[in-house]
Amino acid sequence: MSSQRPLKIWITRAQPGAEATAARVRALGHAPFVAPLLAVRMVEDPQIDLEGVKALAFTSANGLRAFAQACADRSLQVFAVGAATAQAAREVGFRRVLSADGDVAALAEGIAARRNEIGGAVLHPGAAELAGDLAGALARAGVEVRALTLYDTAPAVLEPDQVAGLGEVDVALVHSAKGARALAAVLAVHPQPRLKVLGLSKAVLAPLAGVPLAGLTSAPFPLEAALLNLIDRST
């Protein structure tokens, strides 16, 4: 059932993704409350070695943007975990982009199926704490893979006005387990028992088990579109 009024939706993910999600929430007729619980910290002067690398694999748009900032090469084949990451790759100039339209397991399967076509190593740039074990899955499938840390995320401190506004929030969106841990830490200090939390997957929401909340619901697929579809069903 759709809501009778615009809901106030807490966008907890790090920037710049938070603003993109806020725009989508606004387009659905709801009011975004942008208060990221994570902040992206780039690795200074990363050393990128593309010798023998024939393809790039990204499990997030943040990883894609971090690589694009650190390296000007746009000639390599890109494998992206989903449509948003694939679109980010095209926006920065990559022309050969394939999207798994699913999760890390689907991405690994798609790359492994093309390992002979790739004909070399796959570089996996991303965060210090990656979503899923893409490198491990590719290695087990016989794909030469190299992981490259370009950024990390750390808990962000909410501003006093953001803390004051938490009581007006109806729903919080959580995109990662690390974000869920940060949310659990905030709610331990500022309980919001009427808050409903929507997460990208069951694994993402696991750190919030036991936290007093009005509800925890995971998306049926680990895609933001599926997550946003839950908003009107949350009332």
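Predicted, not measured: the structure shown is a model, and the values here were computed from it.
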Exercise. Evaluate side-chain contact (heavy atoms from CB on, under 4.5 Å) for Val186 paired with Leu166, printing each intermediate quantity in order.
Key: CA-CA 10 Å; Val186 169; Leu166 294 182; 4.3 Å; yes
Self-check item: Student check: side-chain heavy atoms of Glu51 and Val53 closer than 4.5 Å
Solution: no
Quiz item: Excluding sequence neighbours, so at least two apart, what forms side chain to side chain contact (heavy atoms under 4.5 Å, CB included) with Thr12?
Solution: Trp10, Leu37, Ala172, Val174
Self-check item: Heavy-atom side-chain proximity of Arg74 to Val92 below 4.5 angstrom
Solution: yes
Quiz item: Is there a chain of hydrophobic side chains (I, L, V, M, F, W, Y, each step under 4.5 Å between heavy atoms) that links Val171 to Val34?
Solution: yes
Quiz item: Does a donor on one side chain and an acceptor on the other come within less than 3.5 Å for Asn62 and Ser60?
Solution: no
Exercise. Kindly indicate whether the side chain of Leu123, heavy atoms from C-beta on, has any atom under 4.5 Å from the side chain of Leu76.
Key: no
Self-check item: Nearest heavy-atom neighbours spanning Gly82 and Ser99
Solution: C-OG, 3.1 Å
Quiz prompt | Contact list for residues 167-176, test salt bridge (charged side-chain N to carboxylate O under 4.0 Å, His left out), sequence neighbours left out | solution = Arg5-Asp170, Lys8-Glu168, Asp170-Arg194
Self-check item: Derivation and outcome, side-chain contact (heavy atoms from CB on, under 4.5 Å), residues Gln77 and Ile118
Solution: CA-CA 8 Å; Gln77 169 80 61; Ile118 293 169; 5.8 Å; no
Quiz item: What heavy-atom pair brings Ala57 and Val122 nearest, and what distance separates the two atoms?
Solution: CB-CG1, 3.8 Å
Quiz item: Any side-chain heavy atom of Pro222 sitting closer than 4.5 Å to one from Val81?
Solution: no
Quiz item: Do Val25 and Leu173 come close enough that some side-chain heavy atom pair is under 4.5 Å?
Solution: yes
Quiz item: Closest heavy-atom contact between Phe221 and Ala226?
Solution: O-CB, 3.5 Å
Quiz item: Checking side-chain contact (heavy atoms from CB on, under 4.5 Å) for the pair Leu138/His124: CA distance, chi angles, key distance, verdict?
Solution: CA-CA 10 Å; Leu138 290 178; His124 177 28; 5.9 Å; no
Quiz item: So do Leu228 and His30 actually touch side chain to side chain, heavy atoms under 4.5 Å?
Solution: no
Quiz item: For the residue pair Leu38 and Ser176, what are the closest heavy atoms and their distance?
Solution: CD1-OG, 3.9 Å
Quiz prompt | Ile231 and Arg24: CA distance, side-chain angles, deciding distance, side-chain contact (heavy atoms from CB on, under 4.5 Å) verdict | solution = CA-CA 12 Å; Ile231 292 176; Arg24 297 181 186 112; over 6 Å; no
Practice problem: Check Ala112 against Ala141 and note the closest heavy-atom contact, atom names and distance. | Solution: CB-CB, 3.7 Å
Practice problem: Heavy atoms only: give me the nearest Gln15-Pro36 pair and the separation to one decimal. | Solution: CG-CG, 4.1 Å
Practice problem: Supply the atom-to-atom distance Gln69 CD to Leu64 CG, rounded to the nearest 0.5 angstrom. | Solution: 10.5 Å
